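Structure first, then comments.
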Amino acid sequence: MKFTEEHEALRKTVRDFVEKEINPHCDEWEEAGEFPIHDVFKKLGKLGILGIQKPEEYGGMGLDYSYNLVAAEELGMAHCGGVPLAVGVQTDMCTPAIARFGSDELKRTFLAPAITGDMVGCIGVSEVGAGSDVANTKTVARADGDDYIINGSKMWITNSPKADFICLLANTSDDKPHKNKSLIVVPMNSPGISFSPHLNKLGMRSSETAQIFFDDVRMPQRYRIGAEGTGFMMQMLQFQEERMWGAANVIKSLENCVDKTIEYCRERKTFGQSLLDNQVIHFRLAELQTEIEALRALTYQPANCTSKARMSPSWRPWRS
Ligand SMILES: Cc1cc2nc3c(=O)[nH]c(=O)nc-3n(C[C@H](O)[C@H](O)[C@H](O)COP(=O)(O)OP(=O)(O)OC[C@H]3O[C@@H](n4cnc5c(N)ncnc54)[C@H](O)[C@@H]3O)c2cc1C
């Protein structure tokens with residue numbers, strides 16, 4: 001993958017942001033189990049980092065995926081996983097389908113403010129009985145005139161306690177599991193939405209995670225993204241960015257872990273020599289570094305192939 005001066009300028013912008021605005025607060029935010037997400041996102045929005053790949057007409061930079069990848073990678077320099085995860089949910093998990101398939105109204109109402117950082121988004125796919133098996137999700141949006149009435153619940157939803165909207169996967173018919181789903185954008189202040197207490201996670205504690213309950217939540221059908229019944233396909237496409245972002249985001253943090261281990265092994269003396277002078281430790285660290293390089297190569301390769309055309313609204317694989 002060849003990076004240009006523009007990539008490097010973006011890399012520096014993100015790294016400076018991480019060093020000045022995130023790292024000094026990581027311990028405090030991880031301890032608190034939350035961070036001031038609207039403040040941090042507003043600052044990121046001002047720098048353009050929340051809309052790198054998003055269309056310019058809605059405030060994005062209109063760049064290709066390689067720039068997203070650089071930002072995701074650099075966010076991995078944060079000393080905690082929670083804040084980068086919250087950012088990744090906003091940029092690469094809950095907004096790609098709106099950007100690619102949403103109506104102009106949805107883009108103006110939800111995408112544009114997500115790009116400026118005025119709105120926080122979340123993605124609602126997983127349920128208590130359906131994580132990997134997305135087709136098995138049970139949340140229902142039943143048509144009622146021009147509206148849907150939504151009932152069900154979503155589990156493990158990052159950003160949800162402070163989110164302004166959710167990109168929700170719900171069953172809108174009794175058709176087969178891959179054809180009965182739609183993605184609907186739901187404002188989180190809608191009547192009938194409630195939350196579990198924050199889930200007490202082992203890690204990424206600064207990102208807030210909760211279970212959400214939908215009890216007769218009425219939503220206009222025009223808040224659906226694209227055609228009814230295409231939600232599973234759209235979500236599978238949206239997962240492409242999610243997974244790419246996740247892979248890119250851990251490269252630097254893994255490198256930092258290995259570097260810190262090397263530093264420790266160099267300083268720590270046992271039996272008259274540094275731990276690092278034991279060949280077996282050299283081998284293990286070299287194996288870990290090789291695995292990280294393999295991850296980097298595997299992450300760069302699909303990003304390289306992901307041209308603007310492939311990410312455009314006209315790319316609808318189920319029609320070909
Ligand atoms: C911190 C955190 C934040 C999250 N944020 C969100 C969010 O914002 N929105 C959202 O929708 N979801 C979110 N999730 C949910 C996440 O996407 C799911 O946890 C994930 O999809 C796995 O689902 P599950 O936990 O039900 O595990 P399961 O699907 O029950 O899987 C359990 C284990 O079985 C393995 N497994 C499953 N199926 C197979 C198979 N066919 N073959 C072999 N092995 C298999 C899995 O790899 C896993 O190891 C979050 C989860 C966490 C932990």
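Here the structure is a predicted model, which is why all the values come from computation and not from measurement. As the structure lists them, so they are numbered: ligands from 1, and atoms in each ligand from 1. We number each residue from 1, following the sequence as shown.
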Between [Y] and [X], is there a side-chain donor-acceptor contact under 3.5 Å, judged purely by atom types and distance?
X: Tyr148; Y: Glu228; answer: yes
X: Thr4; Y: Glu6; answer: yes
X: Ser173; Y: Asp175; answer: no
X: His38; Y: Asp164; answer: yes

- prompt: Considering only protein heavy atoms, which is closest to atom 29 (O) of ligand 1, and at what distance to one decimal place?
  reply: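 Heavy-atom neighbour on the protein nearest atom 29 (O) of ligand 1: Ser132 OG, 2.6 Å.
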- prompt: Can you tell me the protein heavy atom closest to atom 23 (O) of ligand 1 and the distance?
  reply: Gly131 CA, 3.1 Å
For [atom], is the nearest protein heavy atom under 4.0 Å away?
atom: atom 34 (O) of ligand 1; result: no
atom: atom 37 (C) of ligand 1; result: yes
atom: atom 7 (C) of ligand 1; result: yes
atom: atom 21 (O) of ligand 1; result: yes
atom: atom 48 (C) of ligand 1; result: no
atom: atom 26 (O) of ligand 1; result: yes
atom: atom 17 (O) of ligand 1; result: yes
atom: atom 40 (C) of ligand 1; result: no

Does an N or O anywhere in [X] fall below 3.5 Å from an N or O of ligand 1?
X: Lys201; value: no
X: Leu85; value: no
X: Ile123; value: yes
X: Ser126; value: yes
X: Thr158; value: yes

Point-to-point distance, once rounded to the nearest 0.5 Å, from CG of Leu183 to CG of Leu169: 5.5 Å
field: Atom pair NZ/OG1 of Lys107 and Thr95 - distance to nearest 0.5 Å
entry: 12.0 Å
message: For Lys181, run the side-chain hydrogen bond (donor to acceptor under 3.5 Å, both in side chains) check against Thr172, Thr230, Asn171 and tell me which one passes.
response: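 So, applying the side-chain hydrogen bond (donor to acceptor under 3.5 Å, both in side chains) to Lys181 and each of Thr172, Thr230, Asn171, only Asn171 qualifies.
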message: Just to verify, which of Arg205, Glu208, Glu34 counts as forming a side-chain hydrogen bond (donor to acceptor under 3.5 Å, both in side chains) with His198?
response: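 Of Arg205, Glu208, Glu34, side-chain hydrogen bond (donor to acceptor under 3.5 Å, both in side chains) with His198 is met by Glu208 alone.
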- prompt: With a cut-off of 6.0 Å (strictly less than), are more than 12 heavy atoms of other residues, nucleotides or ligands near CD of Glu5?
  reply: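 Check fails, neighbour count at 12 or below.
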Trace of the side chain to side chain donor-acceptor pair (under 3.5 Å) decision for Asn180 with Asp174: CA-CA 6 Å; Asn180 70 348; Asp174 296 326; over 6 Å; no
field: Atom indices of ligand 1, in the order listed, that fall short of 4.0 Å to a heavy atom of Ile157
entry: 7 (C), 8 (O), 9 (N), 10 (C), 11 (O)
task: Would you mind running through ligand 1 and noting each atom that sits below 4.0 Å from a heavy atom of Trp156?
output: 3 (C), 4 (C), 5 (N), 6 (C), 7 (C), 8 (O), 9 (N), 12 (N), 13 (C), 14 (N), 15 (C), 50 (C), 51 (C)
message: If the threshold is 4.0 Å, N to carboxylate O, is there a salt bridge linking Glu127 and Lys138?
response: no
- line: With heavy atoms and a 4.0 Å threshold, my read on which part of Met204 contacts ligand 1 is neither
message: Is it the case that the side chain of Thr209 and the backbone of Thr158 share a donor-acceptor pair, with hydrogens and angles ignored and the cut-off at 3.5 Å?
response: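 Such a contact is absent between Thr209 side chain and Thr158 backbone.
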query: Within less than 4.0 angstrom of ligand 1, does Val89 place any heavy atom?
result: no
